[in-house]
Amino acid sequence: MSAKLAFSAGDLARMRFAVSPMWEVGPSFRLLCSGAAHAIHRPWIEQVRPRVAAAGLDRGRLAELIPPSGYVPDFLNPAPTGPTSTLAAELAEIVATPVASVRRDLDRLRHERGGLGPRTEALYADPRARLARVAEEIETYWELALAPYWARIRAVLDADVFHRARQVAERGAGRLLNELHPSVSWDDDTLRLGRRERALSRRTAGAGLLLIPSVFTGPDPFTRVTPPEPPQLAYPARGIGGLWTPRPVTGTEALAAVLGRSRTLLLSELDTPASTTELARRTGLSAAAVSQQLTALRDAGLVTAHRAGRVVLYARTTIAESFLTATSR
């Protein structure tokens, strides 16, 4: 089955791109809890799945709201208002979702799943009080599973948007939509979504189109239609294949002359997020020295710290990634 969405000149004028943290939260959580292996995301899964299980998130509110397959409540994916959004902004939108909208989405989830879990039933009974708890659980999941890797994920998403924007400028919106995904096609002012099971029309969708690249959507795009907001089409971003490939760092002498050898060594080792203990083991530095140097790097905006249970994981920022890329050329 496929769906068709007609476009007017006004709809094309309103078509835009956005990066959305929540479009990484839902699909990544589903992948983790499915128990399935994944050729591309295996390194991430092996690191993150034990943390999520230890925190009990695979048995919590998100596990009831994000089933292994099928519909996910629309209120979990508010439309970004600009080209980039933050998790805090999207969580604020989720907490502010009207009661009627929450219950409408949960009614659909109940129908498609044959019932709701106990926590979701409590959410249905009192959305105003329970949405904040959902947001807290999402925030916990983000810190454990996505925040330490966000600089790397964000680089892929930004590169995709840059490529698509240049494609529009050079070849037009029609060419962009035809090359977005094999199941998506554009012809005669109509967008066809080959994998969408529900009908789609401008009567039931808002104006324009919001295109959202994602690294975790899987092989097929996802759609969200909640008028009067523009319909959202989350599609697999380009460059996912190399997302978790280790990146050897070479030629860091110039960077070491500025930062010092110990700090440069630690940045080089943070190709994947790691704790102070792990970094000390890898580098031969004492744990105290590693902690001191990481504090300096964090103050300089080159690393971020993320609590994962009793452990703090450190990760490189986009600024650090840029420095290392530049010196490795």
Check whether the side chains of [X] and [Y] place a donor and an acceptor atom closer than 3.5 Å, and report yes or no.
X    : Y    : result
D220 : Y235 : no
Y149 : T272 : no
S214 : E24  : yes
S20  : E90  : yes
R224 : T226 : yes

### Message
Under 6.0 Å from the ring centre and within 45 degrees of the ring axis: does the NZ or CZ of R238 meet both conditions for the six-membered ring of F162?
### Response
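No cation-pi geometry.
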### Message
Check for me whether R164 meets the cation-pi criterion with F17, that is, NZ or CZ under 6.0 Å from the six-membered ring centre and within 45 degrees of the ring axis.
### Response
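So R164 doesn't make the cation-pi contact.
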### Polar side-chain atom of D11 near backbone of S8 as donor-acceptor pair, under 3.5 Å
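At least one qualifying donor-acceptor pair exists.
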#### Entry: Expected output: side-chain Q232 to main-chain N77 donor-acceptor under 3.5 Å
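Pair found, side chain donor or acceptor close to backbone of N77.
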### Message
Students often mix this up, so state it plainly: with edges at 30° and 60°, are the rings of H38 and H41 parallel, tilted or perpendicular?
### Response
tilted
### Message
Can you tell me how the ring of W244 sits relative to the ring of W44, calling it parallel under 30°, perpendicular over 60° and tilted otherwise?
### Response
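Geometry flag for W44 against W244: parallel rings.
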### Query
F75 and Y141: same hydrophobic cluster, using ILVMFWY side-chain contacts below 4.5 Å?
yes
### Message
Is there a continuous path of hydrophobic side-chain contacts, each under 4.5 Å between heavy atoms, that joins L266 to L302?
### Response
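Result: yes, single cluster for both.
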### Query
Can you name the one residue among R61, R130, R119 that meets salt bridge (charged side-chain N to carboxylate O under 4.0 Å, His left out) with E137?
R61
### Query
Should L193 and T223 be marked as a side-chain contact (heavy atoms from CB on, under 4.5 Å) after you check the CA-CA gap, both sets of side-chain angles, and the distance that decides it?
CA-CA 9 Å; L193 304 173; T223 54; 3.7 Å; yes
### Task
For side-chain contact (heavy atoms from CB on, under 4.5 Å), just list the numbers for M15 and L176, CA-CA rounded to whole Å, side-chain angles, deciding distance to a tenth of an Å, and then say yes or no.
CA-CA 12 Å; M15 187 174 74; L176 160 74; 4.0 Å; yes
### Message
Assess whether a salt bridge exists between D58 and R49, defined as any Lys/Arg side-chain N lying under 4.0 Å from an Asp/Glu carboxylate O.
### Response
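No, D58 and R49 are not salt-bridged.
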